[in-house]
Amino acid sequence: MKKLLYKYYPPFINVYTVWLLYLLFFISFRNSDSSHFSIKPIPFDTIDEYFIVITYSKIDFFKNIIGNIFLFSPYGFLGILYPKLKKVGWFILTFFVIINIVEFSQFYFKRGFADVDDVILNTTGALVGYFIYRTLFYIKDR
């Protein structure tokens, strides 16, 4: 299994990244109402809405909360390609910077808003993948 993962993960993550960027910038953009093109800097504001506000359906909850976590979990395996990312500190820092660039690019190109909750959920998803990767391969920080 380890050999297969090392062989097929690099092309998979490249195709997956292109698909995800397409999804984030061309499929999931909101209507042209200018209120949708803003920055939401308050942590857990959007997440709280999904738990508190009754008007959201379970499908909306799943798409936003669970989807943001699940979609970014494959990035937890980036230690296969970049050995420096096997260390949790480097992994978190690198992913956090990259996901912020993506979020603010969505805002800048008017493809949505920059939401700190998306950064939190996406980073959580990448960390879930990272700990699965570490568990599968018994990687130790050095």
J.: Within a strict 4.5 Å, meaning less than it, do heavy atoms of the Leu20 and Phe72 side chains meet?
T.: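 Counting from C-beta outward, Leu20 and Phe72 do come under 4.5 Å.
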J.: Residues two or more places apart in sequence or in another chain: which of them pass side-chain hydrogen bond (donor to acceptor under 3.5 Å, both in side chains) with Ser105?
T.: none
J.: Which heavy atom in Leu121 sits nearest to a heavy atom in Asn64, and how many Å separate them?
T.: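 Closest approach of Leu121 to Asn64: CD1-O, 4.0 Å.
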J.: Once side-chain contact (heavy atoms from CB on, under 4.5 Å) is applied, do any residues pair with Val119, and if so which ones, sequence neighbours excluded?
T.: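 Phe96, Ile99, Asn100, Glu103, Thr123.
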J.: Taking only residues two or more places apart in sequence or in another chain, which ones pass ring-ring contact (aromatic ring centres under 6.0 Å, His included) with Trp90?
T.: none
J.: Counting only pairs under 3.5 Å, give me each side-chain donor-acceptor contact of residues 7-14, with atom names and distances, residues two or more places apart or in other chains.
T.:
from  : atom 1 : to    : atom 2 : distance (Å)
Tyr9  : OH     : Pro74 : O      : 2.7
Asn14 : ND2    : Pro10 : O      : 3.2

J.: More than 12 heavy atoms of other residues, nucleotides or ligands under 6.0 Å from CZ of Phe131: is that the case?
T.: yes
J.: Tell me who clusters with Phe107, hydrophobic residues only, linked when side chains sit under 4.5 Å apart either directly or through other members.
T.: Ile39, Phe104
J.: Which residues satisfy the side-chain hydrogen bond (donor to acceptor under 3.5 Å, both in side chains) test with Lys84, sequence neighbours excluded?
T.: none
J.: Linking Ile, Leu, Val, Met, Phe, Trp and Tyr through side-chain heavy atoms less than 4.5 Å apart, which residues share a cluster with Val18?
T.: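 Members other than Val18 - counting any ILVMFWY side chain reachable under 4.5 Å - there are none.
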J.: Can you list the residues that meet the side-chain hydrogen bond (donor to acceptor under 3.5 Å, both in side chains) rule with Asn122, with sequence neighbours excluded?
T.: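 Listed in chain order: nothing, the list is empty.
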J.: To check you understand the geometry: which heavy-atom pair defines the closest contact between Phe77 and Phe137, and what is its length?
T.: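 Smallest heavy-atom distance, with atoms named: CE2-CE1, 4.5 Å.
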J.: Between Thr94 and Tyr82, is any side-chain donor less than 3.5 angstrom from a side-chain acceptor?
T.: no
J.: With ring pair (Phe, Tyr, Trp, His ring centres under 6.0 Å) as the test, would you mind laying out the steps for Tyr16 and Trp19 before giving the verdict?
T.: CA-CA 5 Å; Tyr16 186 79; Trp19 173 78; 5.7 Å; yes
J.: Name all residues meeting the side-chain contact (heavy atoms from CB on, under 4.5 Å) criterion together with Val97; count only those two or more places apart in sequence or in a different chain, and write none if there are none.
T.: Leu93, Ile101
